[in-house]
Amino acid sequence: MNLKGQNILSAKQFDKKSLLELFGKTVEMEKFLNKGRFLKSASGKILATLFFEPSTRTRFSFESAMLRLGGKVISNADMMKTSSSTKKESLCDTGKVVSQMADLIVMRSAEVDAVAKVSEKSDCPVINAGDGVDEHPTQALLDLYTVWKYRKSLDGMTFGMVGDLKNGRVPHSQAYLLRNFDVKFVLVSPAGLKMPREIVKELLDLGVEVKESEDLFLEIKKMDVVAMTRVQRERFESEEEYMKYDGSYVLDKNMMKRVKSDALILHPLPRVNEISVEVDSDPRAKYFEQVKNGVALRMALIDAVLKG
Ligand code: NCD
């Protein structure tokens, strides 16, 4: 699949071949990154980041990736407060305007479909950096890249997702990417925060084995990957509603005793209390390494979108 000039809106866009191609390219980018080298492949190009929701990693990661590729960045991390949206400019107009000044837009929004809407009017490609409770394709790409790096394959694994699978956009995108591989799913969440029915149905229709459970203690033993996520506080109607779920699952040293010796622990971060700090030094914990992999993966993706 040639990504040149394409919007990256959903993990559904990727098939196995394009994923493996992207991972191969990411390996090359990682080599440059580890040597501290700056490339010139995006020289003369400008990335605009439009973030309508808070972010630490994703925005810095895209910006870092663009700078490493020799490109330049114009950024607004606080669109809700300081952009013309406060003057009631429509999102589509904002997108159209910014695309006159940039070669690539990376956008995050609290609204499902907002990124897709902007991409329709934009004169340059748009990458979805999270659209509400819907998707976060580049996070899922870097999550799977991290697993692939260790395993050299994604086939044959039992992939565990734990936490707020309803509101977490990362598990949704992970599921869409993983359906390209021979993977069993173990989905652990409180009953009120289950993976959306349409995603589970899609997996089942493809003949994929999906186990849903509320019991982490029981299920964690089966997982080759334990993909943790936080309860998405900002998606709840009230603090009271959120507090019902806060602390539902905690991966601590004791729970880690039940995890396979060669399993990988992932988390997109930020974490709240779902992984204890004492787990950070466990060799199976890969969540900080994921962040670094994310820069290399986004370098590969930006390069592919700008140049093919
Ligand atoms: C995730 C997000 O924004 O969806 N964070 C990230 O991009 N690394 C996960 C989260 O906020 O829980």
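Ligands are counted one by one from 1 in listed order, and the atoms in each one are counted from 1 as well.
Of all atoms in ligand 1, numbered sequentially from 1 with element shown, those under 4.0 Å from a heavy atom of R57 are 8 (N).
T58 counts as a contact of ligand 1, since one of its heavy atoms falls under 4.0 Å from the ligand. Close to ligand 1: Q232, with a non-hydrogen atom less than 4.0 angstrom away.
Ring geometry for F236 versus Y242: interplanar angle over 60°, hence perpendicular rather than tilted (30 to 60°).
Ion pairing between a basic and an acidic side chain is recognised when a charged N comes within 4.0 Å of a carboxylate O; D103 and K72 show no such pairing. Between E21 and K17 there is a salt bridge, since at least one side-chain N of the basic residue sits less than 4.0 Å from a carboxylate O of the acidic one.
At under 3.5 Å, a nitrogen or oxygen of P268, whether backbone or side chain, sits near a nitrogen or oxygen of ligand 1. In terms of polar-atom proximity, P270 is not counted as a contact of ligand 1, lacking any N or O under 3.5 Å from an N or O of the ligand.
Looking only at heavy atoms of the protein, atom 6 (C) of ligand 1 is closest to L269 O, 3.5 Å. If you check which protein heavy atom lies closest to atom 10 (C) of ligand 1, you get R230 NE, 3.4 Å. Counting only heavy atoms of the protein, atom 3 (O) of ligand 1 lies nearest to R169 NH2, 2.9 Å.
At a heavy-atom cutoff of 4.0 Å, ligand 1 is contacted by the side chain of R108 but not by its backbone.
Of the listed residues (M195, K201, E202), just one forms a side chain to side chain contact (heavy atoms under 4.5 Å, CB included) with I199, and that residue is M195.
Apart from L91 itself, the hydrophobic cluster it occupies contains L9, L50, F52, M79, M80, V98, I105, M107, V115, V118, V126, where clustering links Ile, Leu, Val, Met, Phe, Trp and Tyr at side-chain heavy-atom distances under 4.5 Å.
In this structure, OG in S75 is found 7.5 Å from CZ in F51, a value given to the nearest 0.5 Å. Here L297 contributes atom CG and K149 contributes atom NZ; the two are 11.0 Å apart, rounded to the nearest 0.5 Å.
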